[in-house]
Amino acid sequence: MQRVVLVTGPSGAGRSTAINVLEDLGFEAIDNLPLSLVPRLLDGPSRPGPLALGLDVRNRDFSATNVIELIDRLTRDPHYAPEVLYLDCAPDTLLRRYNETRRRHPLAPDGSPLMGVTSEIDLLAPIKGRADVLVDTTELSPHDLKAELARWFDTRPDRRLSVSVHSFSYKRGVPRGLDLMFDCRFLANPHWEAGLRELNGTQAEVQDFVCADSRYEEFFSRIRDLILFLLPAHIEEGKTHLAIGFGCTGGQHRSVTLVEKMAVALADAAWPVSIRHRELERRMTVPSAIGDNMPVSKAGQVPSNPGNAS
């Protein structure tokens with residue numbers, strides 16, 4: 001099965017750097033390939049190693065619809081194992097980078113960089129929602145970015161499996177790309193407690209409430225032990241990344257609590273682990289992370305008060 005990593009993100013977020021890093025990690029890297037030529041490339045002779053394709057908004061046939069159609073086509077084809085790597089960055093940082101380089105933004109060549117940055121973020125939003133790996137480069141140096149990508153994409157056989165743990169709302173559908181998924185809607189719901197409704201599962205008050213459910217401890221320990229049992233088997237299978245999802249009604253309280261707790265447990269067991277809270281991210285734009293494993297966010301920033309039931 002051909003591994004194909006589609007690399008995109010707003011201009012200035014580090015896409016070109018990421019392409020170079022993936023090439024150093026053993027990928028055949030092709031940047032700025034028009035989307036219309038990708039099928040012709042993939043229908044050609046098979047390649048012995050993984051493939052990384054840089055998708056740039058400057059290409060004349062680039063659109064979110066075309067990229068999503070490409071993702072769907074590769075997902076349906078049993079010959080390919082597609083992944084979407086999205087390089088994200090705070091708008092003010094993108095603007096500062098453009099001001100420092102004095103380059104024109106590709107989406108606003110005759111306008112202000114701010115106009116271009118805003119337009120591009122809006123254009124890429126549907127693709128960001130399909131990302132398998134989301135890296136926030138706002139505070140990452142090129143060296144830091146290389147280290148982050150190595151955690152996810154290093155193809156050497158002695159690399160440890162990288163684990164991402166996702167919270168989500170069933171009302172918004174199941175995230176694509178999950179390898180394991182667990183439903184925690186049976187646990188006591190903090191939404192019905194007035195003092196907890198506006199909080200989220202990254203906060204101690206909500207975690208204490210969820211953990212107080214008499215069913216929580218056995219559920220958590222059984223899932224933790226199952227995951228720890230399965231991780232070495234996935235390494236033997238040749239996987240480099242495992243995505244685990246916890247879902248509840250609103251993606252704010254119970255699933256977030258389970259993700260936070262499980263990520264700590266896996267990190268304590270020496271597995272490289274990262275967190276993504278899909279519904280909190282929709283509101284706050286910055287998910288949380290564990291320790292120094294930060295492929296989806298900056299450490300120390302915890303979303304709060306997103307105002308959605310779980």
Side-chain angles (χ1 to χ4, degrees), residues 1-5 21-22 24-27 47-52 74-75 78-85 131-135 145-168 174-184 187 201 211 215-247 254-278 287-297 299:
M1 183 179 292
Q2 176 76 58
R3 187 182 188 188
V4 181
V5 178
V21 170
L22 290 173
D24 292 341
L25 293 175
F27 284 74
R47 290 169 168 75
L51 182 64
L74 294 176
T75 301
H79 297 97
Y80 297 106
E83 300 168 78
V84 178
L85 167 61
D132 298 293
V133 179
L134 191 152
V135 181
L145 178 57
K146 181 176 181 178
E148 292 295 337
L149 294 178
R151 290 192 180 102
W152 293 90
F153 298 105
D154 197 328
T155 58
R156 294 176 298 179
D158 59 344
R159 288 290 299 174
R160 295 296 302 275
L161 183 79
S162 294
V163 183
S164 62
V165 194
H166 303 241
S167 69
F168 65 92
V174 175
R176 290 178 177 269
L178 293 181
D179 299 292
L180 300 171
M181 182 175 63
F182 302 97
D183 188 341
C184 50
L187 294 171
C211 294
R215 299 163 293 186
Y216 168 83
E217 186 56 42
E218 183 174 359
F219 174 68
F220 179 84
S221 60
R222 285 176 179 264
I223 298 301
R224 178 199 60 211
D225 293 346
L226 173 64
I227 293 171
L228 291 175
F229 169 75
L230 291 175
L231 289 176
H234 282 289
I235 291 178
E236 293 176 6
E237 187 66 19
K239 290 182 69 69
T240 58
H241 171 236
L242 189 75
I244 303 167
F246 288 90
R254 293 167 290 180
S255 61
V256 174
T257 295
L258 264 296
V259 164
E260 293 285 327
K261 295 288 187 180
M262 191 60 68
V264 170
L266 297 179
D268 287 344
W271 290 96
V273 58
S274 67
I275 289 173
R276 185 171 184 185
H277 296 308
R278 188 182 70 178
S288 64
I290 283 293
D292 60 355
N293 298 304
M294 302 179 296
V296 295
S297 71

Among all residues two or more places apart in sequence or in another chain, which pass the side-chain hydrogen bond (donor to acceptor under 3.5 Å, both in side chains) test with [X]?
| X | result |
| --- | --- |
| Thr257 | none |
| Asp179 | Lys239 |
| Arg215 | Asp213 |
| Asp268 | none |

Donor-acceptor contacts, no H, no angles, side chain residues 222-229, under 3.5 Å, sequence neighbours left out:
{"residue": "Arg222", "atom": "NE", "partner": "Glu218", "partner atom": "OE2", "Å": "2.8"}
{"residue": "Arg222", "atom": "NH2", "partner": "Glu218", "partner atom": "OE2", "Å": "2.9"}

Would you check if Phe27 and Val5 make a side-chain contact, meaning some heavy-atom pair closer than 4.5 Å? yes

Given side chains that start at C-beta, do those of Lys261 and Tyr216 come closer than 4.5 Å, heavy atoms only? yes

Only counting residues at least two apart or in another chain, list the ones meeting ring pair (Phe, Tyr, Trp, His ring centres under 6.0 Å) with Phe219. Phe186

Atom [atom1] of [X] and atom [atom2] of [Y]: how far apart are they, to the nearest 0.5 Å?
| X | Y | atom1 | atom2 | result |
| --- | --- | --- | --- | --- |
| Phe246 | Asp183 | CZ | CG | 11.0 Å |
| Asp132 | Trp152 | CG | CH2 | 9.5 Å |
| Phe153 | Leu22 | CZ | CG | 6.0 Å |
| Gln2 | His79 | CD | NE2 | 11.0 Å |
| Ser164 | Ile244 | OG | CD1 | 7.5 Å |

If you compare all heavy atoms of [X] against all heavy atoms of [Y], which two are closest, and at what distance to 0.1 Å?
| X | Y | answer |
| --- | --- | --- |
| Val259 | Ser167 | CG2-N, 3.6 Å |
| Ala267 | Val273 | CB-CG1, 3.7 Å |
| Leu25 | Leu149 | CD1-O, 4.1 Å |

Polar side-chain atom of Glu260 near backbone of Ser255 as donor-acceptor pair, under 3.5 Å: no

Between Leu242 and Leu230, does the side chain to side chain contact (heavy atoms under 4.5 Å, CB included) criterion hold? Intermediate values first, please. CA-CA 10 Å; Leu242 189 75; Leu230 291 175; 5.7 Å; no

